[in-house]
Trainee: 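For reference, the structure I am asking about is given below.
Side-chain atoms are counted along with the backbone in the values below, which use heavy atoms only and exclude waters and symmetry mates. Being a predicted model, the structure only gives us computed values, none of them experimental. The sequence lines fix the lettering, A, B, ..., with proteins before strands; numbering per chain opens at 1.
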Amino acid sequence: MKIHEYQAKRIFVEYGIPIPDGDVASTPEEVREITSRIGKKVVIKAQIHAGGRGKGGGVKTANSPQEAEKVAREIIGMNLITHQTGPEGKRVKRVLVEEALDVEKELYLGIVIDRSRDQEQPVIMASEAGGMEIEEVASKSPEKIIKVGANPVVSFSSFQGRKLAYGLGMDKSIVSKASKIIEMLYRIFMEKDATLIEINPFVLTRGGDLLALDAKINFDDDGLYRHPEIRELRDLDEEEPLEIEASNTGVNYIKLDGNVGCMVNGAGLAMATMDLIKLAGGAPANFLDVGGGATAERIEKAFRILTSDKNVKAILVNIFGGILRCDRVASGVIEG
Amino acid sequence: MNLNLPMVVRLQGTNVEEGRKLLEGSNLKFEVAEGLFEAAQKVVALL
Amino acid sequence: MSILLNEQSRIVIQGITGGEGSFHAREAVAFGSKVVAGVTPGKGGTDLDGIPIYNRVIDAVEKEGANASGIYVPASFAPDAILEALEAGIKLIVCMTEGIPALEMVKVKKALKGTGSCLIGPNCPGITTPGVGKIGFMPNFIHKKGNVGVISRSGTLTYEVINMLTNLGIGQSTSVGIGGDPIVGSSFVDILELFEADPETSLVAIIGEIGGNAEEEAAEFVKNKMSKPVVGFIAGQTAPPGKRMGHAGAIISGGKGTAAEKMKAWEDAGINVVVNPADIGKKVVSILNK
């Protein structure tokens with residue numbers, strides 16, 4: 001599950017990770033008020049789940065409360081298109097208004113689960129190439145990424161912070177400050193069942209302060225059952241309505257761009273079925289896995305979801321009956 | 001169900017005969033496929 | 001011989017009184033598996049069709065000689081069930097449960113290190129050795145005894161492949177579903193190693209999917225250590241980036257983990273890659289007939 005930058009920053013604050021002074025707003029008037037309280041130049045950032053907001057025109061600066069209000073009028077309500085939103089873009093409902101900082105250095109901090117066999121544990125990463133996408137840094141100049149594995153059975157140890165902070169070329173006066181931030185980031189990762197945390201950029205100001213200028217946290221869907229406080233942060237407006245309906249009925253559905261609707265049992269077979277449609281010269285309209293123990297009722301609902309996509313021109317039902325019996329599928333199809 | 005949409009059904013495995021009989025006895029228009037790739041080719045041909 | 005599951009395997013089903021546990025325990029018995037005990041805390045002293053039920057895994061080990069376990073308990077209890085089996089000295093632990101948080105599996109894997117026990121799954125259809133038995137929920141009717149090893153990250157797609165092979169008259173030594181989660185007990189490499197060493201396996205069919213780097217690691221192993229022929233297919237050639245395709249592990253992130261990259265890695269390693277999953281059976285036949 002994804003959350004917004006302002007929500008991630010609230011979690012940072014709970015853990016004592018410094019962020020710029022600011023607040024979230026949903027109207028231009030609120031933006032003006034927040035700017036006048038901050039009392040200096042501000043950055044106004046569109047709050048949508050996709051990355052690449054700056055390039056799409058969703059991040060702008062303003063020097064006065066009046067200018068901030070004007071800029072906010074352009075951003076709030078705009079249809080923001082980035083490389084991650086797809087061509088249809090996302091409507092901006094809220095903006096985050098923050099003090100502009102006097103930045104000396106833009107760095108990167110992140111945590112993911114490293115799935116390779118010799119790790120299989122969280123890995124904390126830091127890079128001096130802040131502000132760039134980390135995937136790009138990894139492919140162009142991997143030597144600029146410093147990593148340290150984090151064995152959750154051992155818990156955090158201060159050397160991990162030092163390894164990264166000194167590795168980033170930090171002055172010894174701020175190493176312990178940086179190390180504390182890294183430790184807190186790791187605690188959030190472990191305590192909230194995150195799958196990814198990124199601070200990009202993680203900035204050093206001319207005044208010698210370290211702050212999270214951006215914040216991204218993705219959570220493990222399988223861990224949400226034990227985090228009601230995280231479930232509350234879900235923004236349904238950021239999700240495909242059909243996908244929400246599907247997840248409520250226990251069906252895995254993802255809308256795609258093609259016109260052949262498919263209904264399959266099992267995730268692997270569902271992906272293979274999409275591949276087969278492509279190989280046959282068509283394009284799949286969706287991924288749909290009804291699950292192993294599907295009932296006739298669930299199949300009927302899956303059918304409705306599938307056919308409510310107006311692009312669907314033909315349907316392929318592909319079921320390998322194991323636990324799920326074919327006669328059940330047939331009744332579901334007939335009832336649907 | 002949206003009867004205007006052409007459909008291909010491929011069932012394999014447990015109770016496959018019962019499943020096919022149920023579908024054949026209904027008023028639904030659909031084509032039956034046995035093989036994996038055959039099913040995909042048939043549905044693309046219906047577009 | 002076969003791999004993992006053999007004539008000496010004595011199976012305990014953890015969560016045997018639940019709907020799934022009891023159903024699949026009976027299916028396993030019908031397939032010929034030696035299910036010697038069940039475990040459900042609080043239900044000790046009862047039985048399922050004469051299979052004794054205990055409160056603790058250790059009782060199943062001491063009283064019935066259980067040495068393999070199948071786990072069918074809800075996600076919030078499954079890590080505990082795996083650790084219990086591990087502590088009781090069970091050598092083969094197969095966990096079917098879907099939805100265990102990834103960080104729980106990170107901890108479980110640390111606990112497994114150095115114990116000599118093997119975990120298959122979680123979120124997997126289990127393992128089947130035709131003629132011997134099964135742990136998990138692969139349908140009974142699809143299997144046939146033979147010499148092809150099958151490994152997969154998926155469920156029904158695995159059944160398709162096994163069924164396809166059986167219909168072509170080709171039997172399997174053992175079929176292993178390693179599971180669709182980001183962190184699983186045994187990787188492709190672990191199972192390939194076992195098949196390479198198994199005299200009854202002459203060819204391996206491997207079914208991968210998008211996400212992670214298990215396929216790339218398998219490629220390394222096949223290239224450097226494997227003498228037996230391998231036929232492979234990768235599901236998700238048409239999957240969009242950033243979306244979780246049903247399995248928690250099946251997600252393309254930051255341009256990494258795509259089917260195209262994985263297929264290339266396999267081809268470079270000498271794996272016989274098929275683009276069309278319907279061709280897996282034919283490919284296996286053509287190599288076996290060479």
Trainee: Identify the heavy atoms of Q237(C) and D275(A) that sit nearest to each other, and give their distance.
Mentor: N-OD1, 2.9 Å
Trainee: E120(A) side chain to K109(C) main-chain N or O, any donor-acceptor pair under 3.5 Å?
Mentor: no
Trainee: Starting at CG of L276(A), measure out to CG of N276(C) and round the result to the nearest 0.5 Å.
Mentor: 5.0 Å
Trainee: Minimum heavy-atom separation for K110(C) to P152(A), with atom names?
Mentor: CE-CD, 4.3 Å
Trainee: Search all heavy atoms of N213(C) against all heavy atoms of S116(A) and return the closest pair with its distance.
Mentor: ND2-CB, 3.4 Å
Trainee: What part of S76(C) gets closer than 4.5 Å to chain A, counting heavy atoms only: side chain, backbone, both or neither?
Mentor: both
Trainee: What option among A214(C), S187(C), P139(C) has the most heavy-atom pairs under 4.5 Å with chain A?
Mentor: S187(C)
Trainee: Counting only non-hydrogen atoms closer than 4.5 Å, does N163(C) touch chain A with its backbone (N, CA, C, O), its side chain (CB onward), both, or neither?
Mentor: side chain
Trainee: Any donor-acceptor pair under 3.5 Å linking the side chain of T156(C) with the backbone of F320(A)?
Mentor: no
Trainee: What closest approach, in Å, do V106(C) and I113(A) show between heavy atoms, and which atom pair accounts for it?
Mentor: CG2-CG2, 4.5 Å
Trainee: Would you give the length of the straight line joining atom CE of M271(A) to atom CG of L157(C), rounded to the nearest 0.5 angstrom?
Mentor: 8.5 Å
Trainee: Closest heavy-atom contact between E160(C) and L269(A)?
Mentor: CG-CD1, 3.7 Å
Trainee: Is it true that R226(A) and E104(C) have a side-chain N and a carboxylate O under 4.0 angstrom from each other?
Mentor: yes
Trainee: So do the side chains of R115(A) and E217(C) get within less than 4.5 Å of each other, counting heavy atoms only?
Mentor: no
Trainee: What residues of residues 248-259 of chain A sit under 4.5 Å from chain C when only non-hydrogen atoms are counted?
Mentor: N252(A), I254(A), L256(A)
Trainee: Go through the atoms of I142(C) and report whether side chain, backbone, both or neither lie under 4.5 Å from a heavy atom of chain A.
Mentor: side chain
Trainee: Which atoms of V275(C) are under 4.5 Å from chain A, going by heavy atoms: the side chain, the backbone, both sets, or neither?
Mentor: both
Trainee: Using heavy atoms and a sub-4.5 Å threshold, report which of residues 238-246 of chain A line up against chain C, by residue number.
Mentor: E243(A)
Trainee: Shortest non-hydrogen contact from P101(C) to D193(A)?
Mentor: CB-OD1, 3.8 Å
